[in-house]
Colleague: 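Handing you this structure, nothing more for now.
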Amino acid sequence: MATVGGAGLANGQSRIPQVAPLAKYKLVFLGDQSVGKTSIITRFMYDNFDKNYQATIGIDFLSKTMYLEDRTVRLQLWDTAGQERFRSLIPSYIRDSSVAVVVYDITNRASFLNSSEWIKDVRAERGNEVVIMLVGNKTDLADRRQVSVEEGEDKAKKEGVMHIETSAKAGYNIKPLFRKLATALPGMESAPSTASSNLIDIKLSAQPPEEAPSRQCYC
């Protein structure tokens, strides 16, 4: 009789713990150039802000494994470039996403107006099988505001999406943004109502999968 971990098991059998598969969710960040998509991701991942802005080239990838009350989820964060020349790449990244985060700059009205087109692109690829969050970034520049909170909320209501304002520079509402997204993920409907207040980071990873383009820079 074989002995494993001090317990006798017949026929050489071993006790192999059954581990539940890790739920993975793809979050794609969309929006015009310079609205702060990468800054939001960087603040969430590393809790810092890089004031030396550089535009993202193509697509960037990061992942964060998180513990949410009674389960573990891995958020795969896909940061897309806002420049028009990269627009043709984006639909393929939207196609299998669970969440689309559409970011606009509250000091740039054009970026707010263009958010409708980004939401339209998401709907074209994913229909209603995706969680969409409309994010008004750069609240630290409130004195230069061109888009009111009410306008953002009205658009979100009209489009049938969620809405929040943030400041990646100040760290304002970044954690609440991801808490809202985490509790809205497919399959999270049965999670306890207290889950959003118990979001705990347990692992960070920035290793891209083979199919992801190499990382270029942050914006």
Side-chain angles (χ1 to χ4, degrees), residues 24-42 44 53-64 75-138 146-149 151-166 168 173-174 177-178 180-182 184-188 208-209 211-219:
K24 298 179 182 179
Y25 297 96
K26 181 177 179 179
L27 285 66
V28 60
F29 285 72
L30 307 167
D32 287 3
Q33 183 177 5
S34 303
V35 295
K37 300 183 294 296
T38 306
S39 294
I40 290 173
I41 294 173
T42 304
F44 176 58
Y53 173 84
Q54 288 183 302
T56 300
I57 306 299
I59 308 293
D60 197 4
F61 172 91
L62 291 166
S63 71
K64 188 165 188 172
L75 305 182
Q76 299 177 334
L77 312 178
W78 294 81
D79 183 13
T80 66
Q83 301 100 310
E84 185 63 33
R85 63 195 175 105
F86 294 114
R87 193 69 179 258
S88 62
L89 298 174
I90 294 175
S92 62
Y93 289 93
I94 297 174
R95 202 159 294 143
D96 59 348
S97 61
S98 300
V99 176
V101 181
V102 178
V103 184
Y104 65 91
D105 175 354
I106 66 164
T107 72
N108 182 336
R109 189 163 189 82
S111 72
F112 174 68
L113 297 175
N114 290 340
S115 67
S116 297
E117 290 301 312
W118 291 106
I119 293 173
K120 184 179 178 180
D121 288 348
V122 175
R123 295 293 191 204
E125 294 294 334
R126 299 287 286 129
N128 294 319
E129 297 181 2
V130 64
V131 175
I132 301 177
M133 175 72 82
L134 181 63
V135 179
N137 191 39
K138 304 190 182 181
Q146 295 182 5
V147 182
S148 69
V149 177
E151 285 180 294
E153 292 177 344
D154 287 345
K155 173 173 279 194
K157 184 176 181 180
K158 177 182 177 182
E159 298 283 0
V161 304
M162 297 187 291
H163 176 261
I164 193 172
E165 286 197 345
T166 62
N173 261 354
I174 299 300
L177 162 62
F178 285 90
K180 286 186 176 183
L181 291 175
L185 290 170
M188 294 302 294
E211 70 273 19
S214 59
R215 195 160 157 199
Q216 300 292 334
C217 57
Y218 286 107
C219 62

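Just so it is clear, the structure is predicted and the values come from calculations on it, not from any experiment.
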Colleague: Among residues at least two apart in sequence or on other chains, which ones pass side chain to side chain donor-acceptor pair (under 3.5 Å) with Glu165?
Modeller: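 In terms of side chain to side chain donor-acceptor pair (under 3.5 Å), with neighbours along the sequence ignored, Glu165 is linked to Arg145.
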Colleague: So, taking the atom named CG in Leu75 and the one named NZ in Lys64, what distance separates them when rounded to the nearest 0.5 Å?
Modeller: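 Here the rounded value is 8.5 Å.
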Colleague: Using the side-chain contact (heavy atoms from CB on, under 4.5 Å) rule, pick out the option among Ile164, Leu27, Val103 that qualifies with Met133.
Modeller: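 Of the listed residues Ile164, Leu27, Val103, the side-chain contact (heavy atoms from CB on, under 4.5 Å) partner of Met133 is Ile164.
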Colleague: Within the distance-only criterion (no hydrogens, no angle test), does the side chain of Glu117 pair as donor or acceptor with the backbone N or O of Asn114 below 3.5 angstrom?
Modeller: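 Not at all, since once roles are kept as given, no pair shorter than 3.5 Å links the two residues.
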Colleague: Just wondering, do Val131 and Leu185 contact through their side chains at under 4.5 Å, heavy atoms?
Modeller: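 Side chain of Leu185 against side chain of Val131, heavy atoms only: no contact under 4.5 Å found.
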Colleague: Applying side-chain contact (heavy atoms from CB on, under 4.5 Å), can you list everything that pairs with Lys157, at least two apart in sequence or on another chain?
Modeller: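 So Lys157 forms no side-chain contact (heavy atoms from CB on, under 4.5 Å) with any residue.
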Colleague: With sequence neighbours left out, what residues match Lys26 under side chain to side chain donor-acceptor pair (under 3.5 Å)?
Modeller: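 In terms of side chain to side chain donor-acceptor pair (under 3.5 Å), with neighbours along the sequence ignored, Lys26 is linked to Asp96.
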Colleague: Is the shortest side-chain heavy-atom distance between Asn137 and Val35 below 4.5 Å?
Modeller: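 Side-chain contact under 4.5 Å: no.
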Colleague: List in chain and number order the residues that pass salt bridge (charged side-chain N to carboxylate O under 4.0 Å, His left out) with Arg126, two or more places apart in sequence or in another chain; answer none if no residue qualifies.
Modeller: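 By the salt bridge (charged side-chain N to carboxylate O under 4.0 Å, His left out) rule, Arg126 matches Glu129.
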Colleague: What do the steps show when you test Val28 against Thr80 for side chain to side chain contact (heavy atoms under 4.5 Å, CB included), and what is the final call?
Modeller: CA-CA 7 Å; Val28 60; Thr80 66; 3.7 Å; yes
Colleague: Test of understanding: with salt bridge (charged side-chain N to carboxylate O under 4.0 Å, His left out), list the residues that count as partners of Glu153, not counting sequence neighbours.
Modeller: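 Expected list: none.
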Colleague: Can you sort out the partners of Arg95 under side-chain contact (heavy atoms from CB on, under 4.5 Å), two or more places apart, ordered by chain and number?
Modeller: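 Listed in chain order: Pro91, Ser92, Glu125.
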Colleague: Among Asp105, Thr107, Asn108, which one satisfies side-chain hydrogen bond (donor to acceptor under 3.5 Å, both in side chains) with Lys138?
Modeller: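 Among Asp105, Thr107, Asn108, the one meeting side-chain hydrogen bond (donor to acceptor under 3.5 Å, both in side chains) with Lys138 is Asp105.
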Colleague: Would you say Ser116 and Lys155 are linked by a side-chain donor-acceptor pair, where the criterion is simply a distance under 3.5 Å?
Modeller: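 Checked: Lys155/Ser116 side chains pair up, N/O donor to acceptor below 3.5 Å.
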Colleague: Atom OG of Ser115 and atom CD1 of Ile132: how far apart are they, to the nearest 0.5 Å?
Modeller: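 With rounding to 0.5 Å, OG (Ser115) is 11.0 Å from CD1 (Ile132).
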Colleague: Could you please spell out the steps behind the side chain to side chain contact (heavy atoms under 4.5 Å, CB included) verdict for Thr166 and Phe44?
Modeller: CA-CA 12 Å; Thr166 62; Phe44 176 58; over 6 Å; no
Colleague: Please report the interatomic distance CE(Met162) to CG(Leu177), rounded to the nearest 0.5 Å.
Modeller: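 Separation between the atoms: 8.5 Å.
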Colleague: Nearest 0.5 Å, what's the CD1-CG distance between Ile40 and Leu77?
Modeller: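 Here the rounded value is 11.5 Å.
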Colleague: Checking the side chain of Lys24 only, and the main-chain atoms of Gln76 only, is there a donor and an acceptor separated by less than 3.5 Å?
Modeller: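 Looks like no, no N/O pair under 3.5 Å.
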Colleague: Between Tyr93 and Trp78, what is the ring plane arrangement, given parallel below 30°, perpendicular above 60°, and tilted in between?
Modeller: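 Judged by the thresholds at 30° and 60°, the geometry between Tyr93 and Trp78 is tilted.
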Colleague: Starting from the C-alpha separation in whole Å, work towards a yes-or-no answer on side chain to side chain contact (heavy atoms under 4.5 Å, CB included) for Val161 and Arg123.
Modeller: CA-CA 11 Å; Val161 304; Arg123 295 293 191 204; 3.7 Å; yes
Colleague: Going by side chain to side chain donor-acceptor pair (under 3.5 Å), name the residues that satisfy it together with Ser111, two or more places apart in sequence or in a different chain.
Modeller: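 Side chain to side chain donor-acceptor pair (under 3.5 Å) check on Ser111 returns nothing, list empty.
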Colleague: Taking only residues two or more places apart in sequence, or in another chain, which ones meet Phe112 in a ring-ring contact (aromatic ring centres under 6.0 Å, His included)?
Modeller: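 Residues passing ring-ring contact (aromatic ring centres under 6.0 Å, His included) with Phe112: Tyr104.
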Colleague: Specify the closest pair of heavy atoms between Leu30 and Ala100, including all atoms of both residues, with the distance to one decimal.
Modeller: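 Distance-wise, the nearest heavy atoms are CD1-CB, 4.4 Å.
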Colleague: Report the residues that fulfil side chain to side chain donor-acceptor pair (under 3.5 Å) with Ser98, sequence neighbours left out, ordered by chain and then residue number.
Modeller: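 Result, side chain to side chain donor-acceptor pair (under 3.5 Å) vs Ser98: none returned.
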Colleague: Could you walk me through whether Trp118 and Ile90 pass the side chain to side chain contact (heavy atoms under 4.5 Å, CB included) test, one step at a time?
Modeller: CA-CA 10 Å; Trp118 291 106; Ile90 294 175; 3.6 Å; yes
